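Right, one structure below, let's go through it.
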Amino acid sequence: MSNMSETQRTPLYDFNVAHGGRMVDFAGWEMPVQYESIVEEHKSTRAAAGLFDVSHMGEATVEGPEAEAFLNYVLTNDVSTMDDGKALYSLMCYPSGGVVDDLLVYRKGLNRYLLCLNAANVAKDVAWLQSEAAKFDVAVTNVSSEYGLIALQGPKAFSILSELASVDLSSLGYYRFVEGKVAGFDCLISRTGYTGEVGVELFVSTSDTAALAEALLEKGKPQGLVLAGLGARDSLRLEAGYSLYGHEIDDEIGPVEANLMWTVSLKKAGDFIGKEAIKTKRSDGPAKKVVFFKTGGRRIARPGTDIVLDGAKVGTVVSGTFSPILNEAIGSALVDASVAKSDSLAVDLRGKSFPIERTKPPFLPLNPQA
C-alpha cells in the first residue's frame with residue numbers, strides 16, 4: 001500500500017468518511033472498501049440497490065472531423081454502429097493484441113464522444129490516444145477532473161431515480177444514455193453498470209457530486225438503498241463474470257484469451273490496432289485461456305494461486321472472492337488452453353489440492369437488460 005498522503009481523493013471523499021467508509025488506497029485513490037459489511041452491501045445491491053462512488057474512473061473527450069474514424073482505428077469494436085445516445089463497450093489494443101484498456105464510449109453527437117477509462121490507466125490511455133490521434137484530425141482531451149461518477153445499481157435503482165429525475169427514464173434502453181437533471185443537478189444518465197444488475201451510472205460535475213449522492217441516499221434509503229464500497233463492487237462484478245483490467249485482461253491477455261471476441265469487430269471497414277495479431281491468435285489458437293470456477297467451499301483462492309492438474313501447475317488464479325449469494329468462493333484463472341475444458345482442475349492452497357468446478361459466467365441468473 002502506498003503512502004495515503006500521495007493518493008488522490010474523489011469529490012465524495014468527505015461524504016464517504018462521514019458515512020463510515022473504511023478508506024483504502026486503490027489505484028492511487030483513497031476509496032471506501034466498505035461502509036459496514038461487504039457481504040450485506042453485496043446482498044442489498046442484489047435485493048434492492050447499492051450506491052457506489054466510482055469517481056476515480058477517468059474521462060476523456062474525443063472530438064473533431066475524424067473522431068469516428070480515429071476511434072474505429074484505436075478500438076476493437078465498431079464505433080460506426082453507434083448513434084447519438086448510444087454507449088459501447090470496447091477494448092483498446094496494442095499491435096500485439098494485448099489490451100491497453102477496456103472502456104466505454106458514449107456518442108454525444110456527430111464526431112463528439114466521451115470515453116470512460118479505468119482509474120489506474122488514465123494517464124497511460126490518454127498518452128496512447130493522443131499519440132495515435134496525431135494521424136487524424138481529432139482532439140483527445142483528459143477531462144477527468146471535471147466529472148464525479150456515481151453508480152446506482154440494483155432492482156430498485158430506477159424506482160429511486162424516477163422520483164428525482166427531470167427526464168422520463170422508462171424507455172431508456174440498455175447501453176443508452178440521456179442528459180438531464182437528477183435532484184436538480186445536470187447529469188449524463190447512462191444505463192450501464194458493473195454489477196450485473198439493472199441500474200445507471202451518473203456522470204455529474206465534481207462540484208455537484210456530493211449533493212447528488214446525499215439526495216440519492218435520502219430518497220433511496222426507504223427502498224433499501226445502501227452505500228457499497230470496492231469490496232462489494234468486486235464480488236458483484238465477479239459473480240456477473242465481468243472482466244477487470246489487470247486480472248482477466250491486461251497487456252498480455254487479449255480478447256482471444258479472455259473470451260471477449262464479442263468486443264472485436266473483424267468485419268468493420270478499415271484497419272484497427274491489433275487486428276492482425278488478434279486474427280492470427282484466433283486462427284492458430286491461444287496458448288492460454290481464461291476460465292471461471294466455483295470451489296464448493298468458503299476458502300478463497302486469491303490471485304496468484306496455482307491451478308494444477310494431476311499435480312502439475314497449468315495456470316494461475318487471476319480473480320478470487322467469496323460469493324455471498326452462492327455462499328461459496330468463486331474465481332477466474334488463466335490456464336493452458338490445452339486443459340481449459342478439463343473437469344479435473346484444482347487449486348493448490350498451501351500445498352493441498354482442492355477440486356474446482358469450471359463455470360460459464362455469470363455465476364447466477366442475472367439480467368441487467370430487464
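In this text, all values refer to a predicted model and were calculated from it rather than measured experimentally.
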So does [X] have more than 12 non-hydrogen atoms from other groups sitting under 6.0 Å from [atom1]?
X    : atom1 : answer
K124 : NZ    : yes
R299 : CZ    : yes
E252 : CD    : no
D310 : CG    : no

For the residue pair [X] and [Y], what are the closest heavy atoms and their distance?
X    : Y    : result
A258 : V290 : CA-CG2, 3.9 Å
P368 : V198 : O-CG2, 3.7 Å
E68  : R107 : OE1-NH1, 4.0 Å
V140 : A133 : CG2-CB, 4.0 Å
V264 : F272 : CG1-CZ, 3.9 Å
P255 : C93  : CD-SG, 4.2 Å

Gap separating the [atom1] atom of [X] from the [atom2] atom of [Y], nearest 0.5 angstrom:
X    : Y    : atom1 : atom2 : value
D78  : S90  : CG    : OG    : 9.5 Å
T76  : I273 : OG1   : CD1   : 11.0 Å
S319 : L238 : OG    : CG    : 5.5 Å
L71  : L115 : CG    : CG    : 6.0 Å

As a quick check of understanding, evaluate side-chain contact (heavy atoms from CB on, under 4.5 Å) for F354 and T295, giving each step before the final call. CA-CA 8 Å; F354 295 84; T295 69; over 6 Å; no
Going by atom types alone, do [X] and [Y] pair a side-chain donor with an acceptor below 3.5 Å?
X    : Y    : answer
D336 : S338 : no
Q34  : H42  : no
Y89  : D102 : yes

Salt bridge (charged side-chain N to carboxylate O under 4.0 Å, His left out), paired with E257, selected from R282, K289, K281: K281
Name of the residue among K156, K43, R46 meeting salt bridge (charged side-chain N to carboxylate O under 4.0 Å, His left out) with E197: R46
Step-by-step salt bridge (charged side-chain N to carboxylate O under 4.0 Å, His left out) determination, K221 to E218: CA-CA 6 Å; K221 269 188 173 179; E218 180 180 354; over 6 Å; no
With a 3.5 Å distance limit and no angle check, can you tell me whether R176 reaches the backbone of T192 through a side-chain donor-acceptor pair? no
Backbone N/O of A120 and side chain of N118: donor-acceptor pair under 3.5 Å: no
Ring-plane angle category for Y73 and F136, please: parallel below 30°, perpendicular beyond 60°, tilted otherwise. tilted
Please walk me through it: do D186 and V204 pass side-chain contact (heavy atoms from CB on, under 4.5 Å)? CA-CA 6 Å; D186 291 327; V204 60; over 6 Å; no
Check whether any side-chain heavy atom of V62 lies under 4.5 Å from a side-chain heavy atom of V105, and answer yes or no. no
With side chains defined as the heavy atoms from C-beta onward, is the minimum distance between V100 and N121 less than 4.5 Å? no
Examine F52 together with Y194 and report whether their ring centres are nearer than 6.0 Å. no
If a pair satisfies side chain to side chain donor-acceptor pair (under 3.5 Å) and one of its residues is in residues 347-366, list it, with sequence neighbours excluded. D343-R358
Side chain to side chain donor-acceptor pair (under 3.5 Å) contacts touching residues 320-335 (sequence neighbours left out): E239-S323, E248-S332, R298-N327
Quick one: do L230 and I38 satisfy side-chain contact (heavy atoms from CB on, under 4.5 Å)? Show the steps, please. CA-CA 8 Å; L230 293 171; I38 293 175; over 6 Å; no
Applying salt bridge (charged side-chain N to carboxylate O under 4.0 Å, His left out) to K108 and E179, what does each step give before you reach the verdict? CA-CA 9 Å; K108 302 186 73 172; E179 294 185 81; 3.8 Å; yes
side-chain contact (heavy atoms from CB on, under 4.5 Å) for Y245 and D251? Distances and angles first, verdict last. CA-CA 9 Å; Y245 191 87; D251 57 358; 4.2 Å; yes
